[in-house]
Amino acid sequence: MNSTISLPKKDYVLILFLAIVYLLIRVPFLEYLPLVQDESIYSLIISEMADSPGLTPTFFGEPVSWKPPLFHIVYSLFSKLPLSIELVSRLPSLLFGLFSLVPLFYLLQNAGCSRNIAFFSTLIFLFSFVSNYPQTALLADSLAFLLIITSLFFYTEKKYGNWKFLIAGILVFAVFFVKSVLAFMIPLLAVVFYLNQKDILKNPIFLISLIAAPLALVLHFMLLDSVGLAEEFYFSEMKAHLSAKGGILEGAYQVASSISTLLIGAGFWLALSFVGFWKNWRENKFMTVWYLFTAVAILGGQFMPWYFLPVFPAIAYFSSLTLIKHDGKERIDTFFAIFLALTIIATIIPPLMWYDHLYSYKYPEKEVGLLLSGKENVMILGNYRPGIIAYKVLTEKRNRQTIDFGWILDPGDELSDEIVLEYVDDYYLDKYEVIDGSFSSMFTNHVIYRKDTDISDFDYIVLVNHGIVLDGDLIYNNSGISVYHNS
């Protein structure tokens, strides 16, 4: 016979348990991986923001539009801590994720979940790659998630007065300046929550709070327009995330890639949520609409599991309903505990394999960056492997060095070996279409990008994903990266 399991009656005991679990399964990953892909770019932007604070993020001194400024501003406050490059970059994400546990636990209860469902939904949320990765990586999503959950908590909390809506609106405004249009999901969910309370829907403070996201959009557009980047962000980057260049087939591939990313990141929780949603979607409109936002995340989540972080609490909620609720009653017993433990184990195996793959693929970038640190007259040429740049520049900054270098980036894999050789001979070659100085459009416009430099003769040539042989000594060759030294 299965024995019934009762949760501790004190909320602080449950929250402390969740916090301990959170730290145990996240802290080991903070320094395991070298900086991965865009983490490297963000680390450099944050470093520049720390050196020259402002409202417009810059990359090699040129304004960029990839992320609104608040993300870079907040993370720059941590950038001078005497920690490793990986730890100082990712520590804010860990802390913001930790701080989100309390508002998440109470938000779920405000939304109509029982205390048991709220606890196990939060626990399930913790044991997913969708939440673990962005909360241990240099990404804007952990901060955005904290602001989203806290805003929704204030919108749904009954014990505060009407001014709670003003606080919620301020947080919505802040979300936009971290993760842009993601902020619009909050007022939509707030309206759904109060659909049956017309007095709230007519409340002036509530209505004012709903304009926070549109107001932030207008101000952000004006801010970008002042540096000539508004059109690039709102009509190039946004379009790239929500559409496919190759038509229907390319669109189908992107959707399939997003779904496979979600399957790896959510594991069995996703399958359990389908069952829970099918059986219980009519019972809680707020959680149902929140869950349906998963379809929006699929449009842009290609190989990026963190895109599903804002909707994963709803996935975890419907998963926990499947495990706990039977014939309209909640049942927490030994069988449930065993099944939950086995599901957790099965869910974490694919992400561990993903971490292992990322480590083998990205560590060579760190090796080369450290190898080049402190060396002058360096040219880096080829595909997008930004860890090389980040580890060279950040290590030099820590050693109070500012060493110029050259970088020719080919984000679209369009440079032939013959053209690469031409650039090796002449960095300033004007034979092909090149964007000089600014890398702001490199994620949406696949042409050649060239960093400004005063160097005319290069002693070190780094080739990325080009197997051609150059004159000089080959001092490094691994994972598609080769380094030549002209002695």
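- With sequence neighbours excluded, the residues forming a salt bridge (Lys or Arg N to Asp or Glu O under 4.0 Å) with Asp51 are Lys80, Lys397, listed by chain and number.
- For Phe443 and Tyr384, the gap between ring centers is short of 6.0 Å.
- Aromatic ring pairs are classed by plane angle as parallel below 30°, tilted from 30° to 60° and perpendicular above 60°; the pair Phe129 and Tyr355 is perpendicular.
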Side-chain donor-acceptor pairs of residues 13-26 under 3.5 Å, sequence neighbours excluded:
residue	atom	partner	partner atom	Å
Tyr22	OH	Leu94	O	2.6
Tyr22	OH	Leu98	N	3.2
Arg26	NE	Gln135	OE1	2.9
Arg26	NH1	Leu126	O	3.2
Arg26	NH2	Leu126	O	3.3
Arg26	NH2	Ser131	OG	2.8
Arg26	NH2	Gln135	OE1	3.0

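- Taking the six-membered ring for Trp and the full ring otherwise, Phe173 and Phe177 have centroids separated by under 6.0 Å.
- Between Ser89 and Ser43, the shortest heavy-atom distance links the atoms OG-CB, 4.3 Å.
- Residues that satisfy the salt bridge (Lys or Arg N to Asp or Glu O under 4.0 Å) test with Arg398, not counting sequence neighbours, are absent from this structure.
- A tilted orientation is assigned to the rings of Phe78 and Tyr75, their planes being inclined by 30° to 60°.
- More than 12 heavy atoms of other residues, nucleotides or ligands shown are found within 6.0 angstrom of OH on Tyr32.
- Under the 4.0 Å criterion applied to side-chain N and carboxylate O atoms, Lys362 and Glu39 are not assigned as salt-bridge partners.
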Show the atom names and distances, to 0.1 Å, of all donor-acceptor pairs under 3.5 Å that link a side chain in residues 191-208 to residues at least two apart or in another chain.
residue	atom	partner	partner atom	Å
Tyr194	OH	Tyr155	O	2.4
Asn203	OD1	Ile205	N	2.8
Asn203	OD1	Phe206	N	3.2

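- Every residue two or more places apart in sequence or in another chain was checked for a salt bridge (Lys or Arg N to Asp or Glu O under 4.0 Å) with Glu367, and none qualifies.
- In this structure, the ring of Phe59 has its center less than 6.0 angstrom from the ring center of Trp66.
- In this view, Glu157 satisfies the salt bridge (Lys or Arg N to Asp or Glu O under 4.0 Å) rule with no residue, not counting sequence neighbours.
- Taking every heavy atom of both residues into account, Ser479 and Pro364 meet most closely at CB-CG, 3.5 Å.
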